[in-house]
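A, B, ... follow the sequence lines: proteins, then strands. Residue 1 opens every chain.
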Protein chains: 2
Amino acid sequence: MARNSQAARITKSRAGIRPRPGRTRSGNGSVHNDLMNDEIGLDALAGHAGYAVRRFQIWIFQDFIRTLAAVDIRPTQYSVMTVIGANPGLSQMAVAKRLGIERARLVHLLDSLEHRDLVSRIKSATDRRSHALHLTARGRTALAQFKRLAAEHERHVAEKIGKENRERLLQILSAFT
Amino acid sequence: MARNSQAARITKSRAGIRPRPGRTRSGNGSVHNDLMNDEIGLDALAGHAGYAVRRFQIWIFQDFIRTLAAVDIRPTQYSVMTVIGANPGLSQMAVAKRLGIERARLVHLLDSLEHRDLVSRIKSATDRRSHALHLTARGRTALAQFKRLAAEHERHVAEKIGKENRERLLQILSAFT
DNA sequence: TATTGTTATACTCTATAACTATA
DNA sequence: TATAGTTATAGAGTATAACAATA
């Protein structure tokens, strides 16, 4: 699933040119006449940050999901539990705003976490419209494990792009957190 | 929709602490008791590249869609047209593999571009299973305009994160293109 | 009147599976 | 048997709108 992960060299020089299809041998040994992946120029795409960011985001989420597959936690669920764990008592609106999730979607996310006894909604005494969100005892224990696995995922990221590059990236994008 | 765009300061020091809700005044002047966005600590999330990358990707795609709204072209449509324009005659499989799009999804993307007379499928003479993809005359003219608008979008990115940071980002993520 | 949580709808995107026509 | 294109389905994720309870 991690296509192109090793294909760092981009043949920009051939962009815009119609290369003659070379008879080549692909990874699994099959013979075909198609252009190989790294023979297909990206043209203007190579200069767009959004394209690279999208490809990277897909890779990183797939690695996160794979690394936390045993505990069945996805990136958004992890982010919700982490924020509630660090700020118990938050309302659903506050969590949704902080993480940039639609409040309508957070309803379903919390339903699933509540059914798994990881999070609980407690009626607010001061504003009876809102719920104060807390981790359950089970949720606190589980989150500690999730964080260990997420740290392992983060090491995969560092291996992939380099320790220093990862830190530079975090710094460059700090305005978006 | 660009929440937190200016909120560069993160109060990591308060993460894990339950701050007393301060009576504060939000941007639109309404008074409330909730934690303000930058009072809510991200805890472990602040150290995860994936979280920042996801937030950035959302911002960048929204800006792209907004900047190209007049021509009704979305990021994926742009990437498909750009690759076909630079490599005419590619098969659907080749485009799908190169861009990391499911071949099933590319079918619908091409349907819409073909209906708008921007792309055409031409039956391959050598392999009658596959289609050779080309831009139409209208597609070539349109793509030139799309590229001008996309370059404008790219300037927005440079303004947002800084010219040098944008270039560093492209370099760091070059392995994913 | 406005806000919180909720329900519902629609559209995009990702991930599969299965079908057809070719190879 | 395998591959290219297609159709279909299901689940995330995004974007809205509307409603009840409450402020």
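The interatomic distance linking B/Glu102 (CD) with C/dC13 (C1') rounds to 10 Å, in whole Å. Atom CG in B/Asp127 sits roughly 11 Å away from atom C1' in D/dG5 (whole-Å rounding). With rounding to whole Å, B/Ile122 atom CD1 is found 19 Å from D/dA4 atom P. Atom CZ in A/Arg54 sits about 16 Å away from atom P in D/dG13, given to the nearest Å. Counting to the nearest Å, the P atom of D/dA23 and the CE atom of A/Met93 are 16 Å from each other. Protein atom CD1 of B/Ile101 is 13 Å distant from nucleotide atom P of D/dG5, rounded to whole Å. B/Leu133 has its CG atom 9 Å from the P atom of D/dT6, to the nearest Å. Atom NZ of B/Lys97 is separated from atom P of D/dG5 by 10 Å (rounded to the nearest Å).
Inter-residue side-chain proximity for A/Leu99 and B/Leu45 is flagged as met; some heavy-atom pair is nearer than 4.5 Å. Residues B/Ile60 and B/His153 meet the side-chain proximity criterion, which asks for heavy atoms closer than 4.5 Å. Within the 4.5 Å cutoff, side-chain heavy atoms of A/Arg155 are placed close to those of A/Glu152.
A salt bridge links A/Asp43 with B/Lys147; the closest basic N to acidic carboxylate O contact falls under 4.0 Å. Look at B/Asp111 and B/Arg121 and you find a salt bridge, because one of the NZ, NE, NH1 or NH2 atoms lies within 4.0 Å of a carboxylate O, short of that distance.
Taking 4.0 angstrom as the limit, B/Arg129 places none of its side-chain polar atoms (N or O) nearer than this to OP1 or OP2 of D/dG5. Checking the phosphate oxygens (OP1, OP2) of D/dA12, no side-chain nitrogen or oxygen of A/Gln77 falls inside 4.0 Å. Under 4.0 angstrom from either OP1 or OP2 of D/dG13 there lies at least one side-chain N or O belonging to A/Thr76. The phosphate of D/dT6 has OP1 or OP2 within less than 4.0 Å of a side-chain N or O from B/Gln92. Put simply, B/Gln62 has a side-chain N or O that comes within less than 4.0 Å of OP1 or OP2 on D/dA15.
Between D/dT6, C/dA23, C/dT4, one nucleotide has an atom nearer to the side chain of B/Val107 than all others, and that is D/dT6. Out of C/dA8, D/dA4, C/dA17, the shortest distance to the side chain of B/Ala104 is found at C/dA17. Side-chain proximity of B/Arg128 to the nucleotides C/dT22, C/dT6, D/dG5 is greatest for C/dT22.
Within 3.5 Å, a donor on the side chain of A/Arg103 pairs with an acceptor on the base of C/dG5, or the reverse. The base of D/dT14 does not come close enough to the side chain of A/Arg105 for any donor and acceptor atom to sit less than 3.5 Å apart.
For the pair B/His108 and A/Arg74, both in contact range of DNA chain D, the more 5′-proximal nearest nucleotide belongs to B/His108. Nearest-nucleotide positions on DNA chain C place A/Asp111 closer to the 5' end than the other of A/Asp111 and B/Lys123.
Aromatic ring pairs are classed by plane angle as parallel below 30°, tilted from 30° to 60° and perpendicular above 60°; the pair B/Trp59 and B/Phe56 is parallel.
Within 4.0 Å of B/Ile58, counting heavy atoms only, lie sugar-phosphate atoms of the nucleic acid but no base atom.
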